[in-house]
Amino acid sequence: MLKVLLASRNAGKLREFSELLPDFQFALWPKEAPELPETGAFFQDNALQKAEGARAWWRDHGPEPVDGVLADDSGLCVDALWGGPGVLSARFAPDLSEYRRKNQRLLDMLPEGAGRGARFVCVLAYLPWTGGAFTVSGSVEGSLAREHRGEDGFGYDPIFIPAGHDRTFGELPADIKHSLSHRARACAALRQRLT
Ligand code: ITT
């Protein structure tokens, strides 16, 4: 079984990785470890930056050996907002703590009559303990709901309706999200690269 350090503090991502990659054994990014910088302009840059930062810290402080490090940079890209919040998704509306209110603010930013097309994007960086990194990605097309709907999932899930469905990721059961999500597709690509 591959033992992988998951370089993330996002509880929603952690839950999804344990469901999407049940055959991986995850070491979690400890509370006492530093925030991992993500200063890049693209998802790929940030995913690599997080994975490299985590490996450097773990080398000196990690309590157990791991086979590699996995980092995820992801976000919601809205056509009518020129692809935003995109790479800045985690930093959108920092004055609001609840996603229900962040989601409402994002919906209120759409210009009157604008198209509602959007996609979730996920880039995973995998860094073997010794050796070079690679990245894989996945995305899912869809549209923005008119209001926050459903309480499942996390983050922007309650305002995103995947193409071919009429319920948001906040309303759809997790197994449907996992059959088509950006993160599920990136995990499938990761698995293919690793085998
Ligand atoms: P880590 O860097 O610790 O992994 P983060 O939340 O800062 O956590 P990102 O910088 O990748 O992670 O930000 C991604 C944001 O995009 C995340 O905070 C959510 O708001 C949103 N997001 C990503 N995937 C999502 C999903 O599957 N469902 C809903 N929102 C998602």
Side-chain angles (χ1 to χ4, degrees), residues 4-21 26-31 33-54 57-58 69-78 81 83-94 96-107 118-127 135-142 144-145 148-162 165 167-187:
V4 173
L5 170 63
L6 192 50
S8 173
R9 283 227 178 85
N10 181 312
K13 290 184 188 179
L14 302 184
R15 191 178 58 247
E16 293 199 352
F17 280 118
S18 62
E19 292 165 2
L20 290 166
L21 299 169
F26 287 113
L28 302 183
W29 190 235
K31 280 201 184 60
E35 275 304 309
L36 292 166
E38 37 182 311
T39 56
F42 301 101
F43 293 115
Q44 195 179 11
D45 301 333
N46 284 342
L48 285 166
Q49 203 180 7
K50 287 189 256 191
E52 280 157 9
W57 186 87
W58 197 262
V69 182
L70 181 64
D72 166 313
D73 203 62
S74 48
L76 179 65
C77 305
V78 178
L81 301 178
V87 75
L88 298 176
S89 291
R91 286 163 272 173
F92 175 72
L96 302 176
S97 55
E98 287 170 33
Y99 259 93
R100 177 177 285 276
R101 297 180 63 209
K102 286 183 199 271
N103 285 341
Q104 191 55 52
R105 180 174 295 172
L106 195 149
L107 294 178
R119 74 202 47 75
F120 267 124
V121 175
C122 172
V123 174
L124 300 179
Y126 185 75
L127 190 52
T135 60
V136 289
S137 64
S139 65
V140 54
E141 296 289 328
L144 291 185
H148 181 111
R149 285 184 357 217
E151 298 306 327
D152 285 344
F154 67 100
Y156 301 99
D157 280 342
I159 57 168
F160 182 81
I161 304 172
H165 291 263
R167 286 182 288 169
T168 67
F169 270 159
E171 298 172 309
L172 288 164
D175 59 326
I176 296 193
K177 181 175 181 190
H178 292 345
S179 70
L180 50 79
S181 81
H182 50 313
R183 186 162 295 104
R185 289 172 175 161
C187 284

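Numbering of ligands and ligand atoms starts at 1, following listing order.
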- Task: Would you confirm whether the ring centroid of Phe120 sits within less than 6.0 angstrom of the ring centroid of Phe160?
- Result: yes
- Below 4.0 angstrom from a heavy atom of Lys177, which ligand 1 atoms are there? Numbered from 1 as shown, please. 26 (C), 27 (O), 28 (N)
Any heavy atom of [X] sitting closer than 4.0 Å to ligand 1?
X     : result
Asp73 : yes
Arg91 : no
Gly75 : yes

- Query: Out of Phe160, Phe120, Phe169, whose heavy atom is nearest to atom 31 (C) of ligand 1?
  - Reply: Phe120
- Item | Region of Trp29 that comes within reach of ligand 1 [heavy atoms, distance under 4.0 Å] | neither
- Task: Mind checking whether Tyr99 contacts ligand 1 via backbone (N, CA, C, O), side chain (CB onward), both or neither, at a 4.0 Å heavy-atom cut-off?
- Result: side chain
- Message: To the nearest 0.5 Å, what is the distance between CG on Leu36 and CG on Asn46?
- Response: 11.0 Å
- Output the distance between atom CG (Leu106) and atom CG (Leu76), rounded to the nearest 0.5 Å. 6.5 Å
- Check whether any side-chain N or O of Arg119 sits under 3.5 Å from a backbone N or O of Ser139 as a donor-acceptor pair, and report yes or no. no
- Scanning both residues in full, the closest heavy-atom pair of Val123 with Ser137 reads CG2-CB, 3.9 Å
- Got a salt bridge between Asp152 and Lys177, using NZ or NE/NH1/NH2 to carboxylate O under 4.0 Å? no
- With a 4.0 Å cut-off, would you call Arg100 and Glu151 a salt bridge? yes
- Message: Please list the nearest protein heavy atom to atom 8 (O) of ligand 1 with its residue and the distance rounded to 0.1 Å.
- Response: Asn10 CB, 3.4 Å
- Message: Using a 3.5 Å cut-off on N or O atoms only, is Ser89 in polar contact with ligand 1?
- Response: no
